[in-house]
Q: 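Please find one structure pasted underneath; my questions will follow.
In each ligand, atom 1 is the first atom listed, and ligand 1 is the first ligand listed. For the numbers below, each heavy atom of this structure counts, side chains included, while hydrogens, waters and symmetry mates do not.
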Amino acid sequence: MTVENFVITGGTVAAPDALLPDGWVAVEGGRISAVGTGNPPEGERVDAGGGLVVPGFVDTHCHGGGRGTFSGTDTDGIATSISTHRRHGTTTMLASLVSEPVDSLRRQMGALGEFVQDGQLAGIHLEGPFISAARCGAHDPGALREPDTETVTALLDAGRGHVRMMTLAPELHGGVKAVRQLAESGVIAAIGHTDGVEDEIRAGVEAGATVATHLFNGMRPLHHREPGPIGTLLDDERVTVELICDLVHVHPTMLRLAARHAGQGRTVLVTDAMSATGSAPGTYRLGDLEVQVADGVARLTSNGSLAGSTLTMDAAFRNLVVAARLDVGEAVRATATRPAALLGLGDRVGALRAGLDADVVILGDDYRPVRVLRRGEWVPGVG
Ligand SMILES: [Zn+2]
């Protein structure tokens, strides 16, 4: 596939500030060269077929897909995970790893590093092991530990600069100190899988945590006399909240409530997808644990706990608009613009704007991807 120059026309273009009916996106050398409405510039045309043209999705929390997983050293499984999500419109993603012994994480990060260097992944997200046993969800309780400076340093070193985000529970002994260490190292500190009360969560934010890992899931529930992680993180202007918008992990009314409160500057949709995504029901693994998948819902075999999702970003987009009743502009920002900014990539991806990478998704009926463009190249096997 060679990178060509062409103009996508015949659709509604989700530009940063407005939806442009009869809009166009001009692509040159893998970048967006111009965006407009009305008469398109000269050049080869690609017909959007009356669809909605949106920026490629950015997923900051994903474990795998297409039977592949990021929690392994099998490079085929990593490549399959990436291509599965790419066919659903994800053009930028982090690879998330569940809690495992430090040596296993080191090996897994070694395998993922090649993909980061190649530009196939935007980095690594460590979702553990410094999380609460009381709220560990589908993480192996035996792999959890309290954070200490040496272990945090060892993990970041093993990631060779590719660790972009780490989820932890600030109430653990050493938790707040670890948040500070991450922030000072330029790694996004995310609060999640936590049983903390307001004071403990607030201390984490004061120390530099800026993300709520899948708000509502894997955390102490909301209570009107003890806001816990949900109330505290949602209410804090410094915190971006991840939402798993599969309509299983969070009720559509709560999605709407959270997205409306956090607003367009702080809402990020994530998949938290595991290996069964895009595959048949059956038995799978998440890290070392066995998972059963039925009707698109993944649960641990041992205790029935939700074990990641089988969500893709296009479905998350559709669910936010159709079920949670947010508008298309809000969905674009939550699936592309805001997560790109969170990763510090806002000058590269996340919007249909001249100068950015030509990462474009054409959505057809029911917001299903018809074509996906990544860095100016059409992704095979879409639709
Ligand atoms: Zn996860």
Q: Please name the atom of D272, limited to N, O or S, that comes nearest to the Zn ion (ligand 1).
A: OD1
Q: Taking salt bridge (Lys or Arg N to Asp or Glu O under 4.0 Å) as the test, write out the residues that go with D140, two or more places apart.
A: none
Q: Is the shortest distance from a Lys or Arg side-chain nitrogen in R31 or D357 to a carboxylate oxygen in the other one below 4.0 Å?
A: yes
Q: Strictly under 2.8 Å, is the Zn ion (ligand 1) approached by any N, O or S atom of H63?
A: yes
Q: Using salt bridge (Lys or Arg N to Asp or Glu O under 4.0 Å) as the criterion, list what pairs up with D22, not counting sequence neighbours.
A: none
Q: Within less than 2.8 Å of the Zn ion (ligand 1), any N, O or S from C62?
A: no
Q: For the Zn ion (ligand 1), what is the closest N, O or S atom on E127?
A: OE1
Q: Can you hop from V116 to L126 via hydrophobic side chains spaced under 4.5 Å?
A: yes
